[in-house]
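Every value quoted in this text rests on a predicted model; they were computed, and no experiment measured them.
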Amino acid sequence: MEPVVIATWPFGRTAVEVAAKLLASGTLPVDAALAGAQAVEDDPKVNSVGFGGIGNSIGTVALDACVMDGKTLDCGSVAGVENIRHVAALAKKVYEKTPHIMLVGKGAEWFGIQNGFPLETLLTPESVAEWVKNRPKKKNETKGHDTVTVLANDGKGRLGGVCTTSGLSYKMPGRVGDSPLIGAGLYVDDEAGAAGATGVGEEIIRIGGALFIVEQMRAGKSPQEACELAVKRVIAAAVRRGQHPARVAFLAMNPKGAIGAAATQGTDFKYAVARGEKVEMLQAKEL
Ligand code: ASP
């Protein structure tokens, strides 16, 4: 089987192209996924990930990320990180260099400085102008959001995954979504599969999205069936709360390289797929 990489949203194309090249030259899936995600973190035009992300309600860019290796179940995570752009790489350092899995806020930034991550402003003139222009009128209202979640398979069933975001724009200071939470925004296990999420993080956390999907695959469901079951859970949770389902999307891959994706109505979720050198964009089924 050829190596396979999938990643969320049209900007995921950059991620899968970078990751697929590295997989072809023998890079481990977790590192290939990380390099792909980092290319998106570096792109100032992507205003929901890394450098150039839209600020929170007080205009500060606070990043969340996590990384997981499906062979060892090594996983690392950081949340609410300011002034460091490569937060996915920082999340990986957490499991490489500490006995912990998750570091937040100032502690994560301090750990980044100790490990040579440069401090820089993550604002760009364009992201500041957009923040000012689109500022919500109502208190606690958030606006645009997206995340790059990258899942990679080396073609022999070894899996790795990365999730990195600036989260909901205009979010409350201190708000953390699903993206840095192992089991919510990302879960990867070579013995079952890999899954990731994007969309309104609160609704993904509420159902334990990524781990739920991986456990469905472990029980024999295809990646597509598992993603659809997760979306149904999101819808059922919204119904129980008397709410309209929020925009949420999931994507998944099993060790054999089969893939799937599903989203709630109106999410318009597109994702990038690389199989060997072939790259295409697919549209997720909406339920
Ligand atoms: N899941 C992210 C968050 O809630 C945002 C997104 O992926 O659209 O922070």
Quiz item: Are Lys92 and Asp74 close enough, and set up right, to give a salt bridge (Lys or Arg N to Asp or Glu O under 4.0 Å), and what steps lead you there?
Solution: CA-CA 9 Å; Lys92 186 160 185 258; Asp74 279 324; over 6 Å; no
Exercise. Please check if the side chain of Thr147 supplies one atom and the backbone of Thr149 the other of a donor-acceptor pair under 3.5 Å.
Key: no
Exercise. State, with a plain yes or no, whether a side-chain heavy atom of Ile84 is found less than 4.5 Å away from one of Leu119.
Key: yes
Quiz item: For the atom pair CD1 (Ile204) and OG (Ser179), what is the distance rounded to the nearest 0.5 Å?
Solution: 6.5 Å
Exercise. Using the rule that two of Ile, Leu, Val, Met, Phe, Trp, Tyr join whenever any of their side-chain heavy atoms come within less than 4.5 Å, decide whether Val176 and Ile101 are in one cluster.
Key: no
Quiz item: Closest heavy-atom contact between Asn115 and Lys93?
Solution: OD1-CD, 3.9 Å
Exercise. Could you give me the CA-CA distance, side-chain angles and deciding distance for Lys106 and Glu82, then say whether side-chain contact (heavy atoms from CB on, under 4.5 Å) is met?
Key: CA-CA 8 Å; Lys106 293 283 167 244; Glu82 297 172 18; 4.1 Å; yes
Quiz item: Would Val61 and Val128 show up in the same hydrophobic cluster when neighbours are defined by side-chain heavy atoms closer than 4.5 Å?
Solution: yes
Quiz item: For atom CD of Glu191, is the number of surrounding heavy atoms from other residues, nucleotides or ligands below 6.0 Å larger than 12?
Solution: no
Practice problem: Spell out, yes or no, whether Val214 and Leu186 are grouped together once hydrophobic residues are joined by side-chain heavy atoms under 4.5 Å, including indirect joins. | Solution: yes
Self-check item: Residue pair Ala263 / Phe269: nearest heavy atoms and the distance that separates them
Solution: CB-CB, 4.0 Å
Practice problem: Drop me the distance from Ile207's CD1 to Phe250's CZ, to the nearest 0.5 angstrom. | Solution: 4.0 Å
Quiz item: Between Gly160 and Ala33, which heavy-atom pair has the shortest distance, and what is it?
Solution: O-CB, 4.2 Å
Quiz item: What closest approach, in Å, do Met253 and Ala152 show between heavy atoms, and which atom pair accounts for it?
Solution: SD-C, 4.3 Å
Quiz item: What's the verdict on side-chain contact (heavy atoms from CB on, under 4.5 Å) for Val16 and Val273, showing C-alpha distance, side-chain angles and the deciding distance?
Solution: CA-CA 7 Å; Val16 302; Val273 184; over 6 Å; no
Quiz item: Between Asp189 and Arg218, is any pair of side-chain heavy atoms under 4.5 Å apart?
Solution: yes
Quiz item: Counting only N and O atoms by type, is there a donor-acceptor contact under 3.5 Å from the side chain of Glu41 to the main-chain atoms of Ala88?
Solution: yes
Self-check item: Side chain Lys221, main chain Ile213, donor-acceptor under 3.5 Å
Solution: no
Quiz item: Counting N and O atoms only, with roles assigned by atom type, does the side chain of Thr164 sit under 3.5 Å from a partner on the main chain of Ala65, one being a donor and the other an acceptor?
Solution: no
Exercise. State the CG-OG distance between Asn254 and Ser222, to the nearest 0.5 angstrom.
Key: 8.0 Å
Practice problem: Taking the side chain as every heavy atom from C-beta outward, state whether Asn134 and Tyr170 have any pair of such atoms under 4.5 Å apart. | Solution: yes
Self-check item: Non-hydrogen atoms of Asp154 and Pro3 that approach each other most closely
Solution: O-CG, 3.7 Å
Practice problem: Flag the pair Leu103 / Glu109 as yes when at least one side-chain heavy-atom distance between them is below 4.5 Å, and no otherwise. | Solution: no
Quiz item: Where the side chain of Ser166 meets the backbone of Gly53, is there a donor-acceptor pair that is under 3.5 Å apart?
Solution: no
Quiz prompt | Note, Cys163 side chain near Pro180 side chain (heavy atom, < 4.5 Å) | solution = no
Practice problem: State plainly whether one hydrophobic cluster holds both Leu211 and Val30, where clusters connect Ile, Leu, Val, Met, Phe, Trp and Tyr through side-chain heavy atoms under 4.5 angstrom apart. | Solution: no
Practice problem: Could you give me the CA-CA distance, side-chain angles and deciding distance for Glu17 and Arg13, then say whether salt bridge (Lys or Arg N to Asp or Glu O under 4.0 Å) is met? | Solution: CA-CA 6 Å; Glu17 284 171 355; Arg13 188 176 193 111; 3.4 Å; yes
Quiz item: Within the distance-only criterion (no hydrogens, no angle test), does the side chain of Asn153 pair as donor or acceptor with the backbone N or O of Leu159 below 3.5 angstrom?
Solution: no
Exercise. Verify, without hydrogens or angle tests, whether Thr98 (side chain) and Tyr95 (backbone) share a donor-acceptor contact under 3.5 angstrom.
Key: no
Exercise. Please examine the side chains of Thr8 and Leu251, heavy atoms only from C-beta on, and report whether any two atoms are closer than 4.5 Å.
Key: yes
Self-check item: Distance-minimising heavy-atom pair for Val148 and Phe11
Solution: CB-CE1, 3.7 Å
Exercise. Ignoring hydrogens and angles, tell me if any N or O in the side chain of Glu286 forms a donor-acceptor pair with the backbone of Thr267 under 3.5 Å.
Key: yes
Quiz item: Is the number of heavy atoms from other residues, nucleotides or ligands within 6.0 Å of CD (Gln283) greater than 12?
Solution: yes
Quiz item: Given the rule in the salt bridge (Lys or Arg N to Asp or Glu O under 4.0 Å) test, do Glu130 and Lys133 qualify, once you have shown the distances and angles that lead to the verdict?
Solution: CA-CA 5 Å; Glu130 199 178 324; Lys133 186 166 153 238; over 6 Å; no
Quiz item: Step by step, would you call Glu202 with Arg175 a salt bridge (Lys or Arg N to Asp or Glu O under 4.0 Å)?
Solution: CA-CA 10 Å; Glu202 284 70 10; Arg175 179 267 182 187; 2.8 Å; yes
Quiz item: Measuring from Lys97:NZ to Gln114:CD, what's the distance to the nearest 0.5 Å?
Solution: 10.0 Å
Practice problem: For the pair Ile259 and Tyr271, evaluate side-chain contact (heavy atoms from CB on, under 4.5 Å) and give the outcome as yes or no after the intermediate values. | Solution: CA-CA 11 Å; Ile259 60 170; Tyr271 60 106; 4.2 Å; yes
Exercise. Determine yes or no for a side-chain-to-main-chain donor-acceptor pair under 3.5 angstrom, with Asp64 supplying the side chain and Gly80 the backbone.
Key: yes
Self-check item: Gap separating the CD atom of Gln243 from the CD1 atom of Ile235, nearest 0.5 angstrom
Solution: 13.5 Å
Quiz item: Which one of Val67, Thr72, Leu73 satisfies the side-chain contact (heavy atoms from CB on, under 4.5 Å) criterion with Asp69?
Solution: Thr72
Self-check item: Distance in Å, Phe51 CZ paired with Glu120 CD, rounded so as to fall on 0.5 Å steps
Solution: 6.0 Å
Self-check item: Heavy atoms of other groups near Met172 CE, more than 12 under 6.0 Å
Solution: no
Exercise. Give a yes or no on whether the backbone of Val40 and the side-chain of Thr14 come within a donor-acceptor separation of less than 3.5 Å.
Key: no
Quiz item: Do Val5 and Val18 belong together in a cluster built from hydrophobic side chains that touch within less than 4.5 Å?
Solution: no
Quiz item: Do Pro245 and Gln265 have side-chain heavy atoms sitting under 4.5 Å apart?
Solution: no
Quiz prompt | Side-chain heavy atoms of Arg85 within contact of Gln38, under 4.5 Å | solution = no
Quiz prompt | Results of side chain to side chain donor-acceptor pair (under 3.5 Å) for Arg247 - residues two or more places apart only | solution = none
Practice problem: Determine, stepwise, if the pair Lys71 / Leu28 fulfils side-chain contact (heavy atoms from CB on, under 4.5 Å). | Solution: CA-CA 10 Å; Lys71 180 174 182 195; Leu28 287 180; over 6 Å; no
